[in-house]
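Here's the structure, in structure tokens; my notes come after.
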Amino acid sequence: MSEFDKIIGYKDIKSELIRLCDIIRNGEKYKALGVALSGGLLLDGDPGVGKTLMANCFIKESGRPAFVCRKNKPDGEFVNEIKKTFNEAVENAPSIILLDDMDKFANEDDNHKNAAEYVTVQSCIDEVKDKDIFVLATTNGTGNLPKSLLRAGRFDTIINVSVPEKQDAVEIVKHYLSAKKAIAEVNAEDVARLLSGKSCADLETVINTAGQYAGYANKEYIDMDDITRACLRVIYNAPESSAPGNPIVLERIAYHEAGHAVAAEILEEGSVDLVTVRKNTGKVGGLTCFHLADDYWISKTHMENRVIAILAGKAATEIVFGETDTGVNNDLQRAFDIVQRFTDAYCAYGFGHWTERNSSQTLITRKEEHIAADMERYYTQAKKILIKNRTFLDGIAKRLQEKDTLVYSEIKGIRAKTVGLPA
């Protein structure tokens with residue numbers, strides 16, 4: 001079994017790590033081609049995505065002794081620690097040096113990149129260049145590091161490790177579930193969609209918290225309800241106690257969130273990961289999590305559909321209760337921001353509204369009038385969708401009042417029963 005088998009998902013990154021590791025382990029065949037050992041590898045990405053795990057797998061698979069350097073001493077002493085680590089690696093060559101969380105080596109901002117720690121790392125890398133030392137580093141961001149440290153020759157390969165998405169996320173969820181006593185009804189795709197855009201550490205914490213919920217309830221198995229509860233608590237800070245107790249308030253929030261979900265699903269099937277009436281961080285109550293399409297940022301159609309879905313919460317309240325929804329300030333801000341990008345930044349309706357060329361009052365007024373007209377048009381579309389699909393709207397709202405939270409597969413099932421599409 002390869003050490004790289006411990007890395008779940010991330011197929012392309014594993015392939016790159018295996019290739020680099022082969023250069024270290026089988027240097028002779030590369031030397032025969034006149035190829036030098038790679039200058040170093042930097043794994044960069046947000047905290048919790050598995051960079052240190054990847055680095056450790058790389059080290060173990062290489063078969064070389066490793067010398068790890070982490071910031072664990074005051075600034076002056078740490079410079080000496082860096083030098084000591086490189087000296088030990090040279091004495092035990094061929095070897096690997098791991099500079100873990102290298103971006104934390106100095107507490108410097110973007111305007112002070114020449115910290116003694118980074119200068120020391122740079123000079124040490126240069127000094128061991130021909131001594132069969134492979135330098136491996138992890139960072140949570142390279143913005144504060146000097147460009148001279150990141151150049152080819154010091155770090156020939158920089159790999160960005162992003163949060164797991166789609167099939168990678170599903171595989172990681174299955175891996176974490178396999179270590180628990182999970183029943184067959186737990187849908188890994190539902191879990192991955194619930195945690196879309198979250199780190200591996202987040203996935204692991206949610207599933208472990210779900211196990212705690214199951215244990216406290218004296219269950220023999222973890223079920224989907226446990227995972228949903230854990231996700232809402234850990235990721236969205238939406239505990240069960242935050243669901244509205246007043247049935248009148250609950251009904252209004254349920255229809256508002258159902259409006260978001262129905263419009264989004266009608267426009268793009270499978271575009272809602274979760275909908276809940278629970279209060280969460282920074283919100284009065286309720287949350288609908290939209291699934292971001294791969295080509296969202298290059299598709300005006302996707303963005304327009306998002307605007308309509310955002311406005312559909314307000315539209316649902318007006319349709320069902322005949323009153324203005326007073327809890328839509330955040331929704332309106334999001335929708336206006338998107339439409340403003342269409343009008344100004346993207347010049348989707350011609351070049352006459354682009355305020356970057358000048359900011360005359362006439363131009364700004366004309367742009368604002370265009371944005372307002374577009375918002376009215378999208379809002380009308382949202383109302384038409386909900387009126388045409390009232391049974392779907394009622395189905396989602398009713399179920400939210402019964403259960404407080406719905407995941408992707410449940411939304412899909414309600415759609416199949418009310419709109420008539422296959423589940």
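Screening residues 9-65 for ring-ring contact (aromatic ring centres under 6.0 Å, His included) gives Phe58-Phe134 as the qualifying pairs, with residues at least two apart or on separate chains.
Taking the charged nitrogens against the carboxylate oxygens, Lys412 and Asp190 have no contact shorter than 4.0 Å, which rules out a salt bridge. By the 4.0 Å N-to-carboxylate-O rule, Asp374 lies close enough to Arg377 to be salt-bridged with it. Taking the charged nitrogens against the carboxylate oxygens, Asp101 and Arg70 have no contact shorter than 4.0 Å, which rules out a salt bridge. Look at Glu171 and Lys174 and you find no salt bridge, because none of the NZ, NE, NH1 or NH2 atoms lies under 4.0 Å from a carboxylate O. Ion pairing between a basic and an acidic side chain is recognised when a charged N comes within 4.0 Å of a carboxylate O; Arg154 and Asp126 show such pairing. The pair Asp226-Lys219 counts as a salt bridge, with a side-chain nitrogen and a carboxylate oxygen less than 4.0 angstrom apart.
Panel note: side chain His291, backbone Val272; no donor-acceptor pair is recorded below 3.5 Å.
With contacts defined as side-chain heavy-atom distances shorter than 4.5 Å, the pair Ser148/Tyr118 does not qualify. Taking 4.5 Å as the limit, every side-chain heavy atom of Val234 sits out of range of all side-chain heavy atoms of Asp202. Side-chain atoms of Leu98 and Asn56, non-hydrogen and from C-beta on, do get closer than 4.5 Å to each other. Within the 4.5 Å cutoff, the side chain of Lys11 has no heavy atoms near those of the Gln167 side chain. Using a 4.5 Å cut-off on side-chain heavy atoms (C-beta onward), Met375 and Leu311 make contact. Contact check for Ile125 versus Leu149: side-chain heavy atoms found under the 4.5 Å cut-off.
A 6.0 Å sphere centred on NZ of Lys300 holds more than 12 heavy atoms belonging to other residues, nucleotides or ligands. The number of heavy atoms from other shown groups lying within 6.0 Å of CD (Glu220) does not exceed 12. Within a 6.0 Å sphere centred on CG of Asn72, heavy atoms belonging to other residues, nucleotides or ligands number more than 12. In this structure, Lys403 places its NZ atom where more than 12 heavy-atom neighbours from other residues, nucleotides or ligands lie under 6.0 Å away. Within a 6.0 Å sphere centred on NZ of Lys398, heavy atoms belonging to other residues, nucleotides or ligands number 12 at most. The local environment of NZ in Lys14 is crowded, with over 12 non-hydrogen atoms from other residues, nucleotides or ligands closer than 6.0 Å.
Side-chain contact of Ser199 with Asp46: a donor-acceptor pair under 3.5 Å is absent, judged by distance alone. A side-chain N or O of Gln333 and one of Asp337 form a donor-acceptor pair less than 3.5 Å apart.
Between Phe342 and Tyr346, the ring-plane angle classifies as tilted under the 30° and 60° cut-offs.
Here Ser95 pairs with Pro65, Phe67, Ala89, Ile133 under the side-chain contact (heavy atoms from CB on, under 4.5 Å) rule; sequence neighbours left out.
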